[in-house]
2 protein chains.
Amino acid sequence: MNRSISDVIEQFIMSSLDDNDFIELSRNDLAKFFSCVPSQINYVLNTRFTINRGFVIESQRGGSGYIKLTRMHDNDSNFLKNSLECCAKPMTVLEANQLIQNMLDKKLINEREANLLKCIISAKALNNPINIDNTIRSNIMRQVIIELSKNDK
Amino acid sequence: MNRSISDVIEQFIMSSLDDNDFIELSRNDLAKFFSCVPSQINYVLNTRFTINRGFVIESQRGGSGYIKLTRMHDNDSNFLKNSLECCAKPMTVLEANQLIQNMLDKKLINEREANLLKCIISAKALNNPINIDNTIRSNIMRQVIIELSKNDK
DNA sequence: AGCACTGAAAGTCAAAGAAAGTCAAAAAGT
DNA sequence: ACTTTTTGACTTTCTTTGACTTTCAGTGCT
């Protein structure tokens, strides 16, 4: 197996995640360590540690910036993955409400949270040109799912 | 997580506020203590201890000058009412985040809820024509506040 | 008492620095 | 040929630094 540097970096990051549910990386340091350009790290992250594979990435730029990588819990991850597909297209209020109800049923959120979400994706909250309304709604739900995927507190 | 010197200073000031409702700082002494330039203290104050997060800063220059930092206390309904006014105008991500942080500080929402809200009002979630972006954001926050007011004690 | 001087604060603002992100071209695999 | 990987120039975001400004209390002089 003639593996690429990307594979090696993937492996390295993967094993760092063995012990912890999340790790914090320095893009520049990692790049230096593997003698590659920094954007290669982004490439690895974007191609290997995707939401669909159960990972969530957060980061901050600027002085003492960082990249935080979180692994999702497996049981929830499937449901969330499927839900994500739901959010690939614009959603009506009805569809969004159903998704929220599903999340509630699966105990991924509680009642209070469900109510919050419902009011947020309501027509009132997204009061603006109708044609992009549903798009924003699915964008919001996608972000919610990503947020719920982070299993740290 | 204390990533930057600014974060460390923020923490320090924050914990000084644990016991008292207000504290008096000496900009120069603080700067000396943390081995940074005095204006760094201003930076921390301006980015972390903002009005939107419920802090008030008073200061005096010149001989025996000082910086007085006060944490605002007002009851929940007052707070919600004021927050509503905040949402009368379009809001930037930063403004919304500070409002959410403030709600968290006041225990009107918990950390999980705060994170949910933050991701919802993020640029990513509201990914659409910039000029109406901020308007949607304030609409959303308004609905959230209204929702939170429902189960008010 | 009133006034000017002085030095000790704090404030401002913009440049420099330090990350991370983006995107597309070039290179390498298959 | 086509897909994946590698590279690097350019962008964006946040932090750190420092030169310069403003304000004030105290002091000494008239």
Side-chain angles (χ1 to χ4, degrees), chain A residues 1-13 22-53 55-70 143 146, chain B residues 1-13 22-53 55-70 92-98 101 118 121-124 127 130 133:
Chain A
M1 271 249 273
N2 224 342
R3 291 192 334 204
S4 64
I5 181 72
S6 288
D7 288 336
V8 178
I9 297 173
E10 174 189 8
Q11 204 79 95
F12 176 85
I13 296 178
F22 73 93
I23 52 171
E24 232 175 76
L25 310 170
S26 148
R27 189 179 81 141
N28 285 345
D29 289 354
L30 248 193
K32 229 170 277 167
F33 185 70
F34 288 107
S35 311
C36 63
V37 294
S39 57
Q40 177 111 39
I41 306 300
N42 294 88
Y43 177 72
V44 173
L45 254 23
N46 293 334
T47 53
R48 271 84 163 170
F49 296 88
T50 63
I51 268 280
N52 281 348
R53 294 196 192 170
F55 297 95
V56 177
I57 299 168
E58 295 161 279
S59 66
Q60 187 161 65
R61 302 186 185 185
S64 61
Y66 62 91
I67 298 177
K68 181 178 169 188
L69 182 59
T70 310
Q143 287 308 118
I146 290 169
Chain B
M1 292 233 177
N2 288 328
R3 296 174 175 116
S4 60
I5 181 72
S6 288
D7 288 336
V8 177
I9 297 173
E10 175 189 8
Q11 279 246 272
F12 177 85
I13 296 178
F22 73 93
I23 51 172
E24 231 173 77
L25 310 169
S26 149
R27 190 180 81 141
N28 285 345
D29 289 354
L30 248 193
K32 228 170 278 167
F33 185 70
F34 287 107
S35 311
C36 63
V37 295
S39 58
Q40 177 112 39
I41 306 300
N42 295 88
Y43 177 73
V44 173
L45 255 23
N46 292 332
T47 54
R48 272 87 162 165
F49 295 88
T50 63
I51 266 277
N52 281 349
R53 289 194 192 169
F55 297 96
V56 176
I57 299 170
E58 294 159 282
S59 65
Q60 187 158 73
R61 303 186 184 184
S64 64
Y66 61 87
I67 299 177
K68 183 179 169 188
L69 219 196
T70 312
T92 65
V93 177
L94 214 69
E95 287 168 333
N97 272 335
Q98 289 188 338
Q101 185 63 43
K118 279 180 192 168
I121 52 81
S122 75
K124 261 184 202 159
N127 171 28
I130 294 154
D133 218 13

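A, B, ... follow the sequence lines: proteins, then strands. Residue 1 opens every chain.
As judged by a 4.0 angstrom heavy-atom cut-off over every strand, A/Arg48 is placed among residues touching the sugar-phosphate backbone only. B/Asn28 comes within 4.0 angstrom of the backbone, heavy atoms only, and of no base. If you check every strand for non-hydrogen atoms under 4.0 Å, A/Ile67 touches sugar and phosphate atoms only.
Note: B/Glu95 CD to B/Ile51 CD1 = 12.5 Å, rounded to the nearest 0.5 Å.
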- Task: I would like to know whether A/Cys36 and A/Leu30 meet side chain to side chain contact (heavy atoms under 4.5 Å, CB included); could you show each step before the answer?
- Result: CA-CA 9 Å; A/Cys36 63; A/Leu30 248 193; over 6 Å; no
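Put simply, CZ on A/Arg3 is 18 Å from P on D/dT4, counting in whole angstrom units. The CG-P distance, from B/Asp29 to C/dA8, rounds to 13 Å in whole Å. Between the C1' atom of C/dA19 and the CG atom of B/Asp7 lies a distance of 14 Å, rounded to the nearest Å. Rounded to an integer number of Å, the gap from B/Ile57 CD1 to C/dT12 P is 10 Å. For the pair B/Glu24 CD and C/dA9 C1', the computed distance is 13 Å after rounding to whole Å. Between B/Asn46 atom CG and C/dT12 atom C1' the separation is 10 Å, expressed in whole Å. Atom CD in A/Glu10 sits roughly 16 Å away from atom C1' in D/dT6 (whole-Å rounding). At whole-Å resolution of the value, OH in B/Tyr66 and C1' in C/dA8 are 15 Å apart.
The side chain of B/Gln60 lies closest to D/dC24 when the candidates are D/dC24, C/dG11, D/dT13. Closest to the side chain of B/Ser39, out of D/dT17, D/dA25, D/dT7, is D/dT17. Comparing C/dG21, D/dT5, C/dA10 against the side chain of A/Gln40 picks out D/dT5 as the nearest. Among C/dA20, D/dT4, D/dC14, the nucleotide with an atom closest to any side-chain atom of B/Tyr43 is D/dC14. Looking at the side chain of A/Ser4, the nearest of the listed nucleotides D/dT7, D/dT5, C/dA10 is D/dT5. Ranking C/dT22, D/dA25, C/dA10 by closeness to the A/Asn42 side chain, first place goes to C/dT22.
Ring geometry for A/Phe12 against A/Phe33 counts as tilted: the plane angle lies between 30° and 60°, on a 0 to 90° scale.
Between A/Ser59 and C/dG21 there is a side-chain N or O to OP1 or OP2 distance below 4.0 Å.
Contact detail for B/Ile57 and B/Phe49: the closest heavy-atom pair is CD1-O, 3.7 Å. Between B/Ile41 and B/Ala31 the shortest heavy-atom distance is CD1-N, 4.0 Å.
Of the two residues contacting DNA chain D, namely B/Ile5 and A/Arg61, the nearest-nucleotide position lying further toward the 5' end is that of A/Arg61.
No N or O donor and acceptor, one from the side chain of A/Arg27 and one from the base of C/dA19, sit under 3.5 Å apart.
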